Every structure is written in structure tokens, then in C-alpha cells.
Amino acid sequence: MATLLSPFSPSPLAKVSQIIDSTSSPSFSLFPLGRQNACSRKADHHHHHRIRTSKFGNFLELTPESVPEFLDFDLPWFHPSDRIRYDVIIIGTGPAGLRLAEQVSSRHSVKVCCVDPSPLSTWPNNYGVWVDEFEDIGLVDCLDKTWPMTCVFINDHKTKYLDRPYGRVSRNILKTKLLENCVSNGVKFHKAKVWHVNHQEFESSIVCDDGNEIKASLIVDASGFASSFVEYDKPRNHGYQIAHGILAEVESHPFDLDKMVLMDWRDSHLGNEPYLRASNLKLPTFLYAMPFDSNLVFLEETSLVSRPVLSYKEVKSRMAARSRHMGIRVKRVIEDEKCLIPMGGPLPVIPQSVMAIGGTSGLIHPATGYMVARTMALAPALADAIAECLGSTRMIRGRPLHQKVWNGLWPIDRRCNREFYSFGMETLLKLDLKGTRRFFDAFFDLNPYYWHGFLSSRLSLAELAGLSLSLFGHASNSSRLDIVTKCPVPLVKMMGNLALETI
């Protein structure tokens with residue numbers, strides 16, 4: 001969800017809020033989805049300000065405290081005089097790009113160069129993950145805040161308590177760790193923007209805005225969803241997740257400190273807002289909240305998925321109404337962020353001359369918006385495929401290389417699973433507030449193996465089919481009616497796409 005489904009440091013924000021693979025210094029565009037695409041965020045830089053409390057619950061009049069930040073780190077830089085031809089050039093030093101650089105450079109002395117306009121900028125994105133996801137890939141030390149439980153408010157009378165710990169990713173700790181490993185593995189860095197990518201039969205090159213041309217056997221685009229270097233041959237008919245979030249110092253808040261609020265679908269805060277309430281009934285938003293202490297909280301109002309995208313002004317208005325209703329008086333806004341995440345849509349052309357990872361490769365979960373943990377987990381498999389071609393004495397290049405690495409990231413079974421997740425997104429697009437509440441009421445009643453696996457992209461296609469049957473069994477009669485009446489078209493589309501993938 002700009003988070004849940006979101007998603008993902010010196011600041012206590014911790015949620016996927018922009019496409020994870022965006023470059024270090026992205027321009028505002030799209031969320032957890034364009035990584036680059038989107039979150040614009042502003043951070044506290046320890047300046048002394050006169051605290052000006054907002055009107056009761058209205059944070060919109062407060063200006064976030066914001067200054068650019070950079071890591072204090074010595075990087076080995078590319079020098080044109082070296083005349084090195086690299087095995088791999090990675091465009092972008094967001095989480096996706098650095099994770100792949102770290103992994104591939106550790107295999108068989110593969111020579112890697114990372115190119116980014118600002119390699120040492122702190123990431124503007126905020127990432128939240130399930131703790132077990134980072135435990136599985138050895139990155140749990142990069143979490144600087146965890147909650148032992150999460151909760152989902154279905155409505156004013158029903159709450160789900162989920163026994164699955166959730167964590168905030170420290171952006172600086174994770175980036176520093178990846179940079180340290182890259183440097184120890186001999187990765188070089190170049191501070192520039194890539195303008196063009198050129199291809200010959202067995203070699204590719206990039207042309208940068210500083211005039212330098214760098215050559216390699218493989219170019220990997222990790223610069224975010226808005227990149228123009230990766231080709232598509234189908235309309236990019238995405239759903240969109242949009243959110244507005246603030247990290248705020250408040251006088252008080254109503255949240256339990258040991259529980260992260262994954263979703264709050266209550267709408268009683270719109271009782272005196274007839275227009276907002278009517279629009280929310282059709283295109284609902286929920287609150288995502290991380291309480292850090294009694295006076296520090298991250299709040300984010302999120303539209304899970306819509307097509308076309310819900311207006312940002314509408315999202316902010318709903319969030320202001322909710323904070324007023326909850327009695328939250330904001331003293332200062334430390335950070336704010338706007339998140340816009342393209343979800344679902346087609347995969348890039350497979351194979352093609354430019355490899356991709358992160359948002360531009362289709363790794364965003366089509367039904368949730370999650371991506372950071374999955375990208376961290378899949379980068380080693382892609383690194384193995386690259387090293388098998390470029391780290392061996394055979395030196396497989398050209399089209400055989402492109403075929404090998406694209407299939408390493410998107411084997412047939414993973415493509416088929418993505419079709420199922422896209423089916424989930426298309427179904428959610430058809431649900432109003434009542435239908436959405438009924439869906440998640442049933443979803444979080446499933447065996448934890450199913451809902452854990454769905455949110456973390458761990459289930460096989462057979463297990464996803466089992467989840468569907470179990471979900472139908474747990475659903476209320478009204479929810480079953482939603483499934484029967486609103487799922488046939490997305491279901492037929494999914495079955496057709498599955499047939500095409502397996503031919």
C-alpha cells in the first residue's frame with residue numbers, strides 16, 4: 001500500500017515510499033514507484049526552530065524541516081584515463097542498484113561500475129519491511145526500529161492483531177553497509193547522469209552528461225520506474241498507489257507503542273465531511289502509522305490502488321480530517337513525503353539489451369506496492385546469472401547473455417506468479433470501501449502461511465490457487481458475491497496471460 005503493501009536511518013520513517021531503486025538524488029515524480037517516481041521527502045537537520053503548533057489536527061500549514069544530506073564516505077572513482085572496460089555498468093545507486101553491485105562484484109572478480117548523479121546522497125525513500133524478510137537475507141541489522149505486532153482496523157468495531165513483527169529500515173545503515181561491501185569488492189563509481197545507452201553485438205556503452213563514454217559487456221538499469229532505457233511492447237496500464245505521509249512531533253497520539261498500524265480503514269473521521277465521506281466510500285484510503293514514542297509518530301494516508309490515480313489533494317484532505325478526529329495536535333513536521341507508485345502493468349520486453357532491476361524491472365508487488373525486501377532477496381540470483389556468463393572463461397556475451405540474465409530474474413514460474421498478483425490488483429480496483437473491508441477481514445483470517453507468503457511474494461502458483469480457495473471459504477456471503485460478480489473479467493485476463501507465458 002503506499003506501503004502495505006509498502007515500500008523499504010537517521011529519520012524514523014520506514015516504509016516503502018518510493019520506488020526502491022531510484023537513484024540517490026531523484027527528481028519528484030512517482031512513488032514506491034518510480035522509484036523514480038516518487039516520494040518527495042523532507043528531513044530534520046537538527047536546526048533550532050521556534051515550535052509552532054498546528055491548528056487542532058491540521059498539519060497542512062506547517063513547513064517540513066528540510067536540507068539535503070550526504071554520507072561521509074570515500075568512494076573509488078572512475079577515471080577516464082584508466083581505459084577500463086567493465087563487465088557490468090549499473091545505472092543508479094538506490095537500494096536495488098547497490099545491492100546488485102555488492103552481490104555481482106563478489107563473484108569471480110566481475111568488474112562493476114555504478115553511475116549516479118549523486119552516489120553519496122542519502123536515499124529520500126522510506127522503507128518498511130516484515131522483520132522475517134530481512135532476517136532471511138542477513139540484513140536484520142539494518143533495521144533500527146521494530147514492532148512485535150501489527151494491527152489492521154477493519155472498521156470501528158473490528159480489529160485484527162497480527163503476530164508478525166514489522167520493522168523500519170535505517171536508510172543510512174543499509175546504504176553504508178552496501179557501499180562498504182561494494183568498495184571492498186572493487187566496485188568503481190562515477191558521478192554523472194546517463195544520457196544515452198548504445199549497443200553493439202557483444203558490447204554496450206553509456207554516454208554521460210559530462211561527456212564520458214564508459215563501455216561494458218552488460219548495462220543494468222536500476223534508476224527507477226521512469227527510466228527510458230528499458231523497452232516495453234505493451235501499454236503500461238498501471239494501477240496507482242498514492243499516499244501522503246509525515247513524520248511529526250505531536251503533543252500526543254492514540255496508538256499503542258508496541259503495535260504498528262498496517263491499515264486503518266475506519267471512516268468515522270469523515271462524519272462531518274459529506275463530500276470526503278462519499279468519495280471515500282467509492283475510492284477508500286487507509287491510515288498507516290508507526291508510533292516511535294509518545295510524541296513522535298509517522299502517519300501516512302494511502303490509497304491502496306486506483307485507476308486513474310486518486311488526487312493528491314483529496315488524500316491530504318482525508319488525512320487532515322483523520323488527524324483532527326483522532327485529536328492529534330502536530331507541533332512540527334520533521335519530514336513529509338508524497339508517494340505515487342505505479343503497480344501491475346506489463347513486464348519489460350524479455351530479453352532485451354539493457355538488463356533491469358527494481359522498479360523498472362517489474363519487481364513491485366502488483367497488489368501491495370512492496371518491493372525493497374524482494375529486490376534485496378532476488379539480487380543474488382541475478383548476480384549468479386551474470387557471473388555465470390561474465391565471470392567464467394567462456395565470457396558469454398550479446399544476446400545469449402541478455403537471455404540468461406533476464407531469465408535469471410524472471411523465470412517462467414515467477415512470471416506466472418506475477419500474473420496472479422496482478423489479478424489481485426485488478427480485483428482490488430473494483431472494490432469500494434465496504435468490499436475492501438470485507439476482503440481484508442477474510443484475508444487476515446487466512447492461515448498465516450498464506451497471507452505471509454502473499455505479502456512477501458513467496459508462494460508458488462499452486463499455493464496461490466490454494467490461497468484463493470481458502471479466501472473464498474473464509475469470506476462472508478457479501479464478499480463472496482463481490483468475488484463472483486467482480487472477478488470474472490480479471491480472472492479471464494489472468495488465465496489468458498498465463499497461457500501466453502507457458503506457450
Side-chain angles (χ1 to χ4, degrees), residues 21 76-93 96-116 181-182 185-190 192-208 211-224 227-233 347-358 360-363 375 378-412 414-415:
D21 50 305
W77 299 104
F78 158 82
H79 294 289
S81 59
D82 294 341
R83 298 186 178 278
I84 296 175
R85 196 192 74 177
Y86 293 93
D87 296 308
V88 182
I89 293 171
I90 297 175
I91 304 171
T93 57
L98 286 183
R99 175 66 166 175
L100 180 62
E102 171 210 47
Q103 292 294 309
V104 75
S105 62
S106 68
R107 289 157 167 79
H108 306 290
S109 301
V110 176
K111 296 189 291 294
V112 180
C113 181
C114 291
V115 182
D116 189 284
N181 292 340
C182 285
N185 294 338
V187 175
K188 293 295 182 71
F189 293 82
H190 185 50
K193 181 177 178 62
V194 176
W195 275 4
H196 303 290
V197 177
N198 301 315
H199 302 288
Q200 298 178 356
E201 185 176 3
F202 298 114
E203 182 180 76
S204 298
S205 64
I206 60 170
V207 178
C208 301
N212 281 301
E213 181 180 17
I214 310 175
K215 297 180 179 181
S217 297
L218 180 67
I219 309 296
V220 181
D221 187 358
S223 62
S227 170
S228 60
F229 302 130
V230 175
E231 298 177 357
Y232 291 77
D233 60 2
L347 287 174
V349 174
I350 297 176
Q352 59 179 287
S353 299
V354 175
M355 184 58 209
I357 189 170
T360 194
S361 69
L363 285 180
T375 301
L378 290 181
L382 177 56
D384 286 339
I386 294 172
E388 187 176 332
C389 296
L390 300 179
S392 67
T393 56
R394 295 189 311 171
M395 289 299 289
I396 300 171
R397 298 180 185 174
R399 186 170 178 81
L401 165 63
H402 305 148
Q403 185 79 50
K404 180 75 175 179
V405 295
W406 273 105
N407 286 336
L409 183 65
W410 285 114
I412 291 297
R414 198 170 289 150
R415 294 184 220 176

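What you see is a predicted model, and the numbers here were worked out from it, not measured in a lab. Side-chain atoms are counted along with the backbone in the values below, which use heavy atoms only and exclude waters and symmetry mates.
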Legend entry - Whether over 12 other heavy atoms sit under 6.0 Å from Trp195 CH2: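 No, because the 6.0 Å sphere around CH2 of Trp195 holds 12 heavy atoms or fewer from other groups.
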
Using every non-hydrogen atom in the two residues, find where [X] and [Y] come nearest and quote the distance to one decimal.
| X | Y | answer |
| --- | --- | --- |
| Cys114 | Val187 | SG-CG1, 4.0 Å |
| Lys188 | Trp77 | CD-O, 4.0 Å |
| Arg85 | Ala216 | CG-N, 4.1 Å |
| Ser361 | Pro348 | O-CD, 3.7 Å |
| Thr375 | Leu363 | OG1-CD1, 3.7 Å |
| Thr360 | Tyr232 | O-OH, 3.0 Å |

Inset, instruction - Sequence neighbours left out, what passes salt bridge (charged side-chain N to carboxylate O under 4.0 Å, His left out) with Arg107? Give chain and number order. - result: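 Here the qualifying residues are Asp384.
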
What I'd like to find out is whether the side chain of [X] reaches to under 4.5 Å of the side chain of [Y], using heavy atoms alone.
| X | Y | result |
| --- | --- | --- |
| Val197 | Ile91 | yes |
| Leu218 | His402 | yes |
| Met355 | Val88 | no |
| Ser205 | His196 | no |

Rounded to the nearest 0.5 Å, what separation is found between the [atom1] atom of [X] and the [atom2] atom of [Y]?
| X | Y | atom1 | atom2 | value |
| --- | --- | --- | --- | --- |
| His199 | Ser204 | NE2 | OG | 4.5 Å |
| Trp406 | Leu401 | CH2 | CG | 12.0 Å |
| Ile386 | Ser105 | CD1 | OG | 10.5 Å |
| Arg397 | Gln200 | CZ | CD | 11.5 Å |
| Ser217 | Glu203 | OG | CD | 7.0 Å |

Inset, instruction - Say whether, by atom type as modelled, one donor and one acceptor occur between the side chain of Gln352 and the main chain of Glu231 under 3.5 angstrom. - result: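 Side chain of Gln352 to backbone of Glu231: a pair is present.
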
Legend entry - Check: Arg414 side chain, Leu409 main-chain N or O, donor-acceptor pair, under 3.5 Å: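 Checking the backbone N and O of Leu409 against the side chain of Arg414, a donor-acceptor pair under 3.5 Å is found.
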
Legend entry - Single hit among Val354, Ile89, Asn198, Asn212 for side chain to side chain contact (heavy atoms under 4.5 Å, CB included) with Ile206: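 Only one option passes, and that is Ile89.
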
Inset, instruction - Could you point out which residue of Val115, Ile219, Val194, Ile84 forms a side chain to side chain contact (heavy atoms under 4.5 Å, CB included) with Ile214? - result: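 Exactly one option meets the side chain to side chain contact (heavy atoms under 4.5 Å, CB included) with Ile214, and it is Val115.
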
Inset, instruction - Under the side chain to side chain contact (heavy atoms under 4.5 Å, CB included) rule, collect the residues that match up with Arg399, sequence neighbours excluded. - result: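 Here the qualifying residues are Pro351, Gln403.
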
Legend entry - Which residues share a side chain to side chain contact (heavy atoms under 4.5 Å, CB included) with Ser106, sequence neighbours left out: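 Listed in chain order: Asn185.
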
Inset, instruction - Would you please say whether a donor-acceptor pair under 3.5 Å links the side chains of Arg415 and Asn407? - result: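 Yes - a donor-acceptor pair under 3.5 Å links their side chains.
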
Inset, instruction - Take the angle between the ring planes of Phe78 and Tyr86 and call it parallel below 30°, perpendicular above 60°, tilted in between. - result: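 Tilted: the ring planes of Phe78 and Tyr86 meet at 30° to 60°.
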
Inset, instruction - Evaluate side-chain contact (heavy atoms from CB on, under 4.5 Å) for Val112 paired with Asp87, printing each intermediate quantity in order. - result: CA-CA 6 Å; Val112 180; Asp87 296 308; over 6 Å; no

